[in-house]
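Okay, so here's the structure we're looking at.
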Amino acid sequence: MGFVVGVVIGFVVGLAIIVLFVRNENTRSKLRNDLATTVAAFARMTVEDSRKILPADFYPSWVVFSQRQKLTWLNQHLTKIWPYVDEAASDLIKTSVEPVLEQYRPIILSSLKFSRFTLGTVAPQFTGVSIIEDEADSVTMELEMQWDANSSIILDIKTYLGVSLPVQVKDIGFTGVFRLIFKPLVNEFPCFGAVCFSLRKKKKLDFTLKVIGGDISTIPGLSDAIESTIRDAIEDNIMWPVRKIIPILPGDYSDLELKPVGILEVKLVQARDLTNKDIIGKSDPYAVLYVRPLPDKTKKSKTINNELNPIWNEHYEFVIEDATTQHLVVRIYDDEGVQASELIGCAQVLLKDLEPGKVKDVWLNLVKDLEIQRDTKYRGQVHLELLYCPFGMENGFTNPFSSNFSMTSLEKVIKSGANGIEATENEKAITQKKKEVIIRGVLSVTVISAEDLPIVDLMGKADPYVVLTMKKSEAKHKTRVVNDSLNPVWNQTFDFVVEDGLHDMLILEVWDHDTFGKVNSFSYGTVKSFLFLGHTNFVWFLNQAMQ
């Protein structure tokens, strides 16, 4: 009887195990089928489908959706023919580049020529190609290239001291995007009249300088001078929007040459909350602005010492050659005196985002690197006012940055109010216009001294200082403390960026500094100011200044 029961129980348990195993296998099979279906669906997805499913904010910085097609076939053929390209092109490139280097030769050198130039045995790799939708009578193509070259390049340099040195340029690493423009399209083979080529984007350019049989550091500044020469020559000769024109068919192609198309007016107003780069004290910031990073086209602001919220209020002009692709770059540095300046942060503005003839007021967040923005640390902000003026439309609007522009409607209102006659007739209209108009600018205040302050300290006179506050923006400045004095002299100047000059108010408060107790305010006394002379109402100051 026990044997029979054991057999029955074993049979039931075995059958249960088989059923569970089959069900488990069916479940795993279904999961595998679902996974295969999902993978197949992802394989059929386009870039646009991916962007719809997951917003761009969720992608890490290293994920890039490239629209360039691969060029494996071109790289394979280029590798085969590269030895012949090296032999054929080396002398041509040497002959073409030498005059350019001579043009940018540093003043410490008397001669700068090639004694040897070969492209090496490693062929460049084209990592992608894309066609840009452009004008109807042209075809624009962009080729992305990467080249880790083993070129043999030796420069024969001579200084005015009579020293001759062979300098080797080695370990060249380059990544960039070249732009080819086939224009105009014609009905004659090869169907285009000329080819324009330019370096559209320079992602990386690294190289090493080494004196053969010596040390390049023996001549101070030589390495930096040669490196600057090479980079400036590349930037000014083939970097977009500069383009080289190769005629294919006879004709006039002067319209393809680089020409200025407008002027960019830039007002560097201020910066705020800058990162402090100094261990003792605060940073000494200054700004460098450029559209094309060439020495003669780069603007530099004045240095504001010991300040993390500097106010410059400086105006610059830049010539624009291509408003659709160029951009303004602002770099904020900490001045370190005789040492190299330290970068605080940088920002850029695309010119295509500016409306011609209209002033754009922007606050830009500073970043560590404009190309690779992986660092999300807050480094401060810079305040700019921008105006792009294309050539040919100067008469279509009034340039507010010009020193001799016509009187504005607000100035006319205030001027007419000062005459007394028109103000009586149109007093209500004038008051209404004053309420509607906003004046922006920089207000400079010099706190000179105070007189007849009361005694507030038990053991002495007083330790006064002045706090200046703009009521609307709540911007504050504070003078230094003058110890043990009832007639202190400060002679300190402060700048305020005023967003609404007609309706804002400057408040001056005099306080007594108490190291170990509560800070006290004065109930009476006189503070002398360079601009206000006892008045704290900013509207009064602006009205008087306008007259």
Side-chain angles (χ1 to χ4, degrees), residues 59-72 74-75 78-79 82 85-86 89 93 97 100-101 104 117-130 132 141-153 155 167-180 197-210 216 223-244 288 290-295 298 325-331 333 340 342-343 345-348 350 367-375:
Y59 289 108
S61 58
W62 46 267
V63 174
V64 178
F65 290 101
S66 177
Q67 296 183 353
R68 294 187 172 91
Q69 300 178 9
K70 301 298 181 181
L71 290 172
T72 307
L74 179 59
N75 293 327
L78 186 59
T79 302
W82 186 251
V85 174
D86 177 26
I93 296 175
V97 173
V100 177
L101 290 180
Y104 293 89
F117 188 98
T118 60
L119 296 176
T121 59
V122 179
Q125 298 293 300
F126 290 96
T127 57
V129 60
S130 61
I132 308 300
M141 178 186 302
E142 289 192 347
L143 294 168
E144 185 173 5
M145 190 184 79
Q146 181 178 350
W147 190 24
D148 295 319
N150 61 347
S151 306
S152 178
I153 302 175
L155 294 171
V167 177
Q168 182 180 12
V169 183
K170 55 184 298 186
D171 300 332
I172 299 176
F174 172 79
T175 302
V177 179
F178 284 92
R179 171 171 286 191
L180 302 178
F197 72 92
S198 176
L199 180 57
R200 171 67 181 84
K201 189 176 183 180
K202 181 181 61 180
K203 295 183 178 180
K204 184 186 78 170
L205 177 59
D206 298 327
F207 54 86
T208 303
L209 299 177
K210 180 182 178 181
I216 196 170
S223 177
D224 292 339
I226 298 176
E227 181 176 346
S228 177
T229 297
I230 295 175
R231 294 186 184 276
D232 289 346
I234 294 175
E235 187 72 35
D236 202 23
N237 284 272
I238 64 172
M239 194 70 190
W240 183 266
V242 178
R243 69 287 307 262
K244 297 298 182 181
V288 174
Y290 60 84
V291 174
R292 295 178 60 192
L294 295 171
T298 300
T325 59
Q326 288 186 293
H327 52 268
L328 173 72
V329 175
V330 184
R331 304 178 72 89
Y333 291 92
E342 187 173 0
L343 178 66
C346 52
Q348 67 178 1
L350 301 179
V367 297
K368 183 179 181 180
D369 194 298
L370 294 175
E371 297 294 335
I372 305 175
Q373 299 184 11
R374 297 181 181 177
D375 186 3

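Keep in mind it's a predicted model, so treat the numbers as computed, not measured.
Residue Lys170 holds its NZ atom at 11.0 Å from CD1 of Ile172, rounded to the nearest 0.5 Å. Between the NZ atom in Lys201 and the CH2 atom in Trp240 there is a gap of 15.0 Å [rounded to 0.5 Å]. His327 contributes atom NE2, which lies 4.5 Å from atom CD of Gln348 (distance to the nearest 0.5 angstrom). For the atom pair SG (Cys346) and NZ (Lys368), the distance works out to 10.5 Å, reported to the nearest 0.5 Å. Here the CG atom belonging to Leu101 is positioned 7.0 Å from the CG atom belonging to Leu155, to the nearest 0.5 angstrom. The distance from the CZ atom of Phe126 to the CG atom of Leu78 is 6.0 Å, given to the nearest 0.5 Å.
Contact check for Asp206 versus Asp171: no side-chain heavy atoms found under the 4.5 Å cut-off. Side-chain contact between Val169 and Ser151 is absent, with no heavy-atom pair separated by less than 4.5 Å. Looking at Ile230 and Phe207, their side chains come closer than 4.5 Å, going by heavy atoms from C-beta outward. Residues Leu180 and Leu143 form a side-chain contact, since some pair of their non-hydrogen atoms from C-beta on lies under 4.5 Å apart. Annotation: side chain of Ile238 is not in contact with side chain of Val242 (no heavy-atom distance under 4.5 Å). The shortest side-chain heavy-atom distance between Leu199 and Phe174 falls under the 4.5 Å cut-off. A 4.5 Å side-chain heavy-atom check between Gln326 and Arg292 finds at least one atom pair inside the cut-off. Counting heavy atoms from C-beta outward, Tyr104 and Asn237 have side chains that approach closer than 4.5 Å.
No hydrogens or angles considered: nothing links the side chains of Thr118 and Asp86 as a donor-acceptor pair under 3.5 Å.
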(message) For Ile93 and Val97: C-alpha separation, side-chain torsions, deciding distance, then whether side chain to side chain contact (heavy atoms under 4.5 Å, CB included) applies.
(response) CA-CA 6 Å; Ile93 296 175; Val97 173; 3.7 Å; yes

(message) Show, in sequence, the C-alpha distance, side-chain angles and deciding distance for Arg179 and Arg243, and conclude whether the side chain to side chain contact (heavy atoms under 4.5 Å, CB included) test is met.
(response) CA-CA 9 Å; Arg179 171 171 286 191; Arg243 69 287 307 262; over 6 Å; no

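Of the residues listed (Val330, Leu328, Thr298), the one engaging Tyr290 in a side-chain contact (heavy atoms from CB on, under 4.5 Å) is Thr298, and it is the only one.
Arg231 and Glu235 are not joined by a salt bridge, as no carboxylate oxygen comes within less than 4.0 angstrom of a charged side-chain nitrogen.
Under the 3.5 Å distance criterion, the side-chain polar atoms of Trp82 are matched with a main-chain donor or acceptor of Gly120. Without hydrogens or angle criteria, Trp147 side chain to Gly176 main chain gives no donor-acceptor distance under 3.5 Å.
Here the closest heavy-atom approach between residue Leu370 and residue Val367 is recorded as CD2-CG2, 3.9 Å.
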